[in-house]
Participant: 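Starting off with a structure, shown below.
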Amino acid sequence: MSSKRDYPQEYQRSLADPEGFWAEQAAALPWYTAPREILSRNADGTARWFADGEMNTAHMALDHHVETGRGEQLALIYDSPVTGRQQRYSYRELRDAVARFAGVLRDQGVGKGDRVVIYMPMVPEAVIAMLAVARLGAVHSVVFGGFAAHELAVRIDDARPAVLVTASCGIEVERVIPYKPLVDKALQLSAHPPSRCIVLQRPECRAELSGERDLDWEQAVAAAAPADCVPVLATDPLYILYTSGTTGKPKGVVRDNGGHAVALHYSMAAVYDMAPGEVFWAASDVGWVVGHSYIVYGPLLAGCTTLLYEGKPVRTPDAGAFWRVAAEHRVKALFAAPTAFRAIRKEDPDGAHLQDHDLGALQTLFVAGERLDPPTYDWLREHSGKPVIDHWWQTETGWAICGNLMGIDPRPTKPGSSTLPVPGFDVRILDDSGHELPAGQQGAIALRLPLPPGCLSTIWGNHERFVAGYLSTYPGHYVSGDGGYRDEDGYVFIMGRTDDVINVAGHRLSTGEMEEILAAHTAVAECAVIGVEDELKGQLPIGLVILKDGVNIAPEALERELVALIREEIGAIACFQRALVVPRLPKTRSGKILRKLLRQVANGEDYSVPSTIDDPASVDEVAEQLRGLRDV
Ligand code: COA
Ligand code: AMP
């Protein structure tokens, strides 16, 4: 373990003296101009960190390491079982590749503050593109490669990028998915398409480039001169990452440069116990927040080697894939979603594959993204023999709110708990009127302001949505959207979302958005989409639809059409497979669909019918149909 400090002392200090605490953490990074203003306020009272500090995130993550003697150390290992390729980049090589691609973007007119949308599979060029954007002081918005054209178009229209960077294809196990047709369609759908599209051609599938707009990555790089880092203020945005909210319109979470770098640098040592030179593997995708924070920025800011894995936990080629990669690259800490381990456990219940690999270097397994169910926790701990650390965070915070500080003062874990609040996060459990609840009682989880560095600074182009959605429910607090409780020892237990966001295989999706899509079908009068528990993926969405009067369509045919519609609009990643036709939906007398009640009924939980219900018989009808579904 690295530096040993006492958790309570570290935590208390972070809350009692946030400026002193974070000034010290900031001093560990190479600023162009070190900040003197540590914590200050925007005009509307929201907090900002390190406002007068000048820096560049790509400089801190790459150039600084090259300048201080880490140039020949490995920065990035790419391991791709789906293509059979591996590639390694030293810090110097990665810095040079990033500077070169930054030159390409600069030649296309990208400068400070301009947006660049990146829609790419898990290839090193995705990381290179992100860092190149950061190098120019521009703002990247990475869109997960599993999203369909419509989702990409919505994000393009909100971010209004100058350039879009993509690849010719992604690879799902053995299936090659051409990206260019999706991109072309998204650009057609978009009201604000970028004027340039840079395409990385992969050997598995070559894309057809169209006229003036498209540039070939390789040719463009060959013709470009490297670009230098552009200094930015700590408060300037580094990226926008869209995440699902309760409505159909995704929220563009904005992350600044300075607070982000300080928080991630601190977390690498404190939460993950990582030191420079050690290998960190976040088995996620660069399209999600885990990928942003812990495939790209965190490990590189900390001088570690990061692993980029283009494969699955199973089927590439088997349930031993994670253990093979961890052993082969001497990974010290592996971070994945519980779903990944559930998939491994399902195929290899006795953990036989673990015996095939030397996991001597692997010290800790971290999980987040969804609830870690106790059976998976027990299985993983027992079969790997490693500590399993559950930690809780969100796209909005960008790093862990609760966890076990493995680099400072590891505490005993408790199944079902993400342990204790991380320094900087003042976690409160509140009742509906904003009063704190005692230990053991479940309520809304809120964070007392100010949020520590690294958390979202606003919603892109919609500051009102940021204030209304997060800061207004409980004045003086950020509302997380999760419910849960603390036990007598202060351990935090996350019990799930209190809104209409669901978590499918660690992917955050909006049931509200799915409802909007279903409601657009000509046969559908009204609908509700709810998340039901699933053994493998945690939750799966199902639709309950009421037909318009006079519509005559077989329920199976409608289901097929609705499933295809969600796949077309959101993508296969939504895992929307069931839509039931129901005669009525339980509603309040004021006409609000009782979604929580539906969730409880669907999951076979105890429920009580609220007195505000309009027609109590509607619950029994739906319950009957949902029972049928569970029995299938
Ligand atoms: N591009 C295109 N399609 C994609 C995609 C991508 N990047 N990622 C997933 N999909 C598709 C899949 O091919 C699948 O399509 P199908 O319905 O035609 O088969 C669908 O979306 C659902 O994908 P997924 O949820 O990944 O299911 P799966 O059955 O292929 O794999 C697991 C199951 C458990 C192995 C997988 O869900 C997994 O690895 N989960 C962990 C995810 C994770 O790391 N999340 C953490 C984010 S922090
Ligand atoms: P995302 O923004 O995609 O990272 O999703 C964040 C949501 O995932 C949180 O609001 C939680 O609902 C859920 N989540 C993340 N980590 C955990 C965890 N360790 N335990 C339970 N739920 C989690």
Side-chain angles (χ1 to χ4, degrees), residues 82 119-122 143-148 169-179 182 241-245 251 253 282-295 309-316 319 321-322 335-347 366-373 377 389-403 416-419 445 456 479-484 492-499 501-509 531 534-540 563 566-567 570-577:
V82 296
Y119 181 71
M120 293 191 96
M122 288 284 286
V143 179
F144 175 58
F147 278 129
C169 64
I171 302 162
E172 278 289 291
V173 190
E174 284 164 345
R175 191 158 48 105
V176 172
I177 300 176
Y179 275 20
L182 293 168
L241 178 57
Y242 288 89
T243 190
S244 300
K251 299 185 275 199
V253 164
S284 178
D285 188 288
V286 289
W288 306 114
V289 68
V290 175
H292 280 62
S293 294
Y294 294 111
I295 294 175
Y309 174 68
E310 189 183 26
K312 297 258 178 185
V314 292
R315 294 182 282 137
T316 56
F322 271 24
F335 175 174
T339 304
F341 292 114
R342 284 198 293 269
I344 294 171
R345 176 176 160 225
K346 194 168 167 223
E347 292 201 7
F366 291 92
V367 292
E370 55 175 327
R371 183 168 172 270
L372 173 62
D373 51 295
Y377 171 80
I389 307 300
D390 183 11
H391 59 327
W392 169 57
W393 53 297
Q394 314 182 302
T395 303
E396 288 85 343
T397 62
W399 65 296
I401 308 163
C402 289
S417 170
S418 48
T419 320
I445 310 186
L456 81 171
V479 62
S480 69
D482 280 306
V492 179
F493 291 75
I494 309 298
M495 302 308 289
R497 300 286 305 191
T498 54
D499 55 16
V501 167
I502 59 170
N503 221 302
V504 180
H507 305 132
R508 177 166 158 181
L509 298 164
D534 179 74
E535 244 180 48
L536 176 64
K537 298 194 176 177
Q539 282 184 299
L540 283 178
V563 166
I566 297 275
R567 214 177 153 90
I570 298 180
I573 198 76
C575 298
F576 184 87
Q577 286 144 5

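Counting from 1, the numbers follow the sequence of the chain as shown. Note that ligands are numbered from 1 as they come in the structure, with each ligand's atoms numbered from 1 the same way.
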Participant: Just jot down the ligand 1 atoms closer than 4.0 angstrom to any heavy atom of A343, in number order.
Facilitator: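 The list of qualifying atoms is 34 (C).
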
Participant: Could you see which bit of T395 sits under 4.0 Å from ligand 2, with heavy atoms only: side chain, backbone, both or neither?
Facilitator: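 For T395, the contact with ligand 2 is made by both the backbone and the side chain.
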
Participant: Does ligand 2 come near enough to R497 that some N or O of the ligand is less than 3.5 Å from an N or O of the residue?
Facilitator: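 For ligand 2, there is an N or O atom that lies under 3.5 Å from one belonging to R497.
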
Participant: May I ask you to list the atoms of ligand 2 that are less than 4.0 angstrom from any heavy atom of E370?
Facilitator: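 The list of qualifying atoms is 14 (N), 15 (C), 16 (N), 17 (C), 18 (C), 19 (N), 20 (N), 21 (C), 22 (N), 23 (C).
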
Participant: Taking D390 for its side chain and R371 for its backbone only, find out whether a donor-acceptor pair lies under 3.5 Å.
Facilitator: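 Looks like no, no N/O pair under 3.5 Å.
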
Participant: Starting from atom 25 (O) of ligand 1, locate the nearest protein heavy atom and write down its residue, its atom name and how far away it is, to 0.1 Å.
Facilitator: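 I find the closest protein heavy atom is K537 NZ, 3.3 Å.
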
Participant: How far is atom 28 (P) of ligand 1 from its nearest protein heavy atom, and which residue and atom is that?
Facilitator: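 Of every protein heavy atom, R315 NH2, 3.5 Å lies nearest to atom 28 (P) of ligand 1.
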
Participant: What protein heavy atom is closest to atom 46 (C) of ligand 1, reported as residue, atom name and distance in Å?
Facilitator: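 For atom 46 (C) of ligand 1, the nearest protein heavy atom comes out as A337 CB, 3.6 Å.
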
Participant: Against ligand 2, does S418 come closer than 4.0 Å with any heavy atom?
Facilitator: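 It does not, in that no heavy atom of S418 comes within the 4.0 Å cut-off of ligand 2.
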
Participant: Would you mind checking if E174 and R315 are paired as a salt bridge, meaning a charged N to carboxylate O distance below 4.0 Å?
Facilitator: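 Salt bridge absent between R315 and E174.
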
Participant: State, yes or no, whether a side-chain contact exists between E396 and K251 at a heavy-atom distance under 4.5 Å.
Facilitator: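 Sidechains of K251 and E396: in contact.
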
Participant: Starting from atom 19 (O) of ligand 1, which protein heavy atom do you reach first, and at what distance in Å?
Facilitator: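 Answer, as residue, atom name and distance: R175 NH2, 4.2 Å.
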
Participant: If we only consider heavy atoms of R342, is any one of them less than 4.0 Å away from an atom in ligand 1?
Facilitator: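 Flag not set, R342 not near ligand 1.
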
Participant: For atom 18 (O) of ligand 1, what's the nearest protein heavy-atom neighbour? Residue, atom name and distance, please.
Facilitator: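 That would be R567 NH2, 2.6 Å.
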
Participant: Got the closest protein heavy atom to atom 26 (O) of ligand 1, with its distance?
Facilitator: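 Atom 26 (O) of ligand 1 sits closest to the protein heavy atom K312 NZ, 3.0 Å.
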
Participant: Would you check whether V289 has a nitrogen or oxygen atom less than 3.5 angstrom from a nitrogen or oxygen atom of ligand 2?
Facilitator: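 Looking only at distances, the answer is no, because the N/O contact criterion of under 3.5 Å is not met.
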
Participant: Mind checking whether A336 has a heavy atom under 4.0 Å from ligand 1?
Facilitator: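 No heavy atom of A336 comes that close to ligand 1.
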
Participant: Less than 4.5 Å apart, side chain to side chain, heavy atoms only: is that true for S480 and I401?
Facilitator: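 No - every pair of side-chain heavy atoms lies 4.5 Å or more apart.
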
Participant: Can you check side-chain contact (heavy atoms from CB on, under 4.5 Å) on W399 and Y294, steps first, answer last?
Facilitator: CA-CA 9 Å; W399 65 296; Y294 294 111; 3.5 Å; yes

Participant: Considering only heavy atoms of R371, which atoms of ligand 2 have at least one such atom less than 4.0 Å away?
Facilitator: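 Checking each atom against R371, I get 20 (N), 21 (C), 22 (N).
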
Participant: Hey, are the side chains of P121 and Y179 touching, using non-hydrogen atoms and a 4.5 Å cut-off?
Facilitator: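 The answer is yes; the side chains approach within 4.5 Å.
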
Participant: What are the atoms of ligand 1, with element, lying closer than 4.0 Å to any heavy atom of F144?
Facilitator: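 Numbered from 1, ligand 1 contributes 7 (N), 8 (N).
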
Participant: Within the 4.0 Å heavy-atom shell around I177, which atoms of ligand 1 are there?
Facilitator: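 Within the 4.0 Å cut-off of I177, ligand 1 contributes 2 (C), 3 (N).
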
Participant: Does the side chain of I295 reach to within under 4.5 Å of the side chain of M122, using non-hydrogen atoms?
Facilitator: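 SC-SC contact between I295 and M122 confirmed.
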
Participant: For ligand 1, which atoms have a heavy atom of V290 less than 4.0 angstrom away?
Facilitator: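 Near V290, meaning under 4.0 Å from one of its heavy atoms, ligand 1 has 48 (S).
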
Participant: From the options A505, S284, A340, select the one whose nearest heavy atom is closest to atom 43 (C) of ligand 1.
Facilitator: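 Among A505, S284, A340, the closest heavy atom to atom 43 (C) of ligand 1 comes from A505.
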
Participant: A side-chain contact here means heavy atoms from C-beta on lying under 4.5 Å apart; do T243 and Q394 qualify?
Facilitator: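 SC-SC contact between T243 and Q394 ruled out.
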
Participant: Parallel, tilted or perpendicular, judged at 30° and 60°: which one describes the rings of W288 and F147?
Facilitator: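 Perpendicular: the ring planes of W288 and F147 meet at over 60°.
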
Participant: Is W393 close to V290 at the side-chain level, that is, under 4.5 Å between some pair of heavy atoms?
Facilitator: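 Result yes, sub-4.5 Å side-chain heavy-atom pair found.
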
Participant: Dump the intermediate steps for side-chain contact (heavy atoms from CB on, under 4.5 Å) on F576 and I570, then the final yes or no.
Facilitator: CA-CA 10 Å; F576 184 87; I570 298 180; over 6 Å; no

Participant: Please report the closest heavy-atom contact between L241 and G287, naming both atoms and the distance.
Facilitator: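 The answer is CD1-O, 3.6 Å.
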
Participant: Quick one: look up the protein heavy atom nearest atom 16 (N) of ligand 2 and list residue, atom name and how far away it is.
Facilitator: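 Its nearest protein heavy-atom neighbour is G369 N, 3.0 Å.
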
Participant: Could you work out, for atom 34 (C) of ligand 1, the closest of T339, T316, D285, L182 by heavy-atom distance?
Facilitator: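 When every heavy atom of T339, T316, D285, L182 is considered, T339 comes closest to atom 34 (C) of ligand 1.
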
Participant: Any non-hydrogen side-chain atom of Q539 less than 4.5 Å from a side-chain atom of R497?
Facilitator: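 Not touching, per the 4.5 Å side-chain cut-off.
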
Participant: Using modelled atom types only, decide if a donor and an acceptor are shared between the side chain of T395 and the backbone of V289 within a distance under 3.5 Å.
Facilitator: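 Side chain of T395 to backbone of V289, a donor-acceptor pair under 3.5 Å: no, none is there.
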
Participant: Under 4.0 Å from a heavy atom of N503: which atoms of ligand 2 are those, numbered in the order shown and with their elements?
Facilitator: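 Heavy-atom distances to N503 below 4.0 Å select 7 (C), 8 (O), 13 (C).
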
Participant: Atom 12 (O) of ligand 2: which protein heavy atom is closest, and how many Å away?
Facilitator: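 Nearest neighbour among protein heavy atoms for atom 12 (O) of ligand 2, to 0.1 Å: D482 OD1, 2.6 Å.
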
Participant: Out of all atoms in ligand 1, which are within 4.0 Å of some heavy atom of A283? Include the element for each.
Facilitator: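 Close to A283: 44 (O).
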
Participant: Run down the list E396, H391, H507, R508 and name the one with the heavy atom closest to atom 3 (O) of ligand 2.
Facilitator: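 The nearest heavy atom belongs to R508.
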
Participant: Show the atoms of ligand 1 that are less than 4.0 angstrom away from any heavy atom in P313.
Facilitator: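 In order of number, 35 (C), 39 (O).
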
Participant: What's the shortest distance from atom 10 (N) of ligand 1 to any protein heavy atom, and which residue and atom give it?
Facilitator: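 I find the closest protein heavy atom is E172 OE1, 3.2 Å.
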
Participant: Any idea which atoms of ligand 1 are less than 4.0 Å away from a heavy-atom of C575?
Facilitator: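 Counting from 1, the qualifying ligand atoms are 22 (C), 25 (O).
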
Participant: Examine S480 against ligand 2 and note whether any of their N/O atoms are separated by less than 3.5 Å.
Facilitator: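 There is no such contact.
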
Participant: May I ask you to list the atoms of ligand 2 that are less than 4.0 angstrom from any heavy atom of I494?
Facilitator: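 Answer, ordered by atom number: 21 (C), 22 (N).
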
Participant: Considering heavy atoms of the protein only, find what lies nearest to atom 6 (C) of ligand 2 and give residue, atom and distance to 0.1 Å.
Facilitator: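 Nearest protein contact, heavy atoms only, for atom 6 (C) of ligand 2 is W393 O, 3.6 Å.
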
Participant: Of all the atoms in ligand 1, which lie at a distance below 4.0 Å from a heavy atom belonging to G146?
Facilitator: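 By the 4.0 Å cutoff, the relevant atoms are 1 (N), 2 (C), 5 (C), 6 (C), 7 (N).
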
Participant: Please tell me if the side chains of I445 and W392 come closer than 4.5 Å, counting only heavy atoms from C-beta onward.
Facilitator: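 Yes, at least one pair of side-chain atoms sits under 4.5 Å.
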
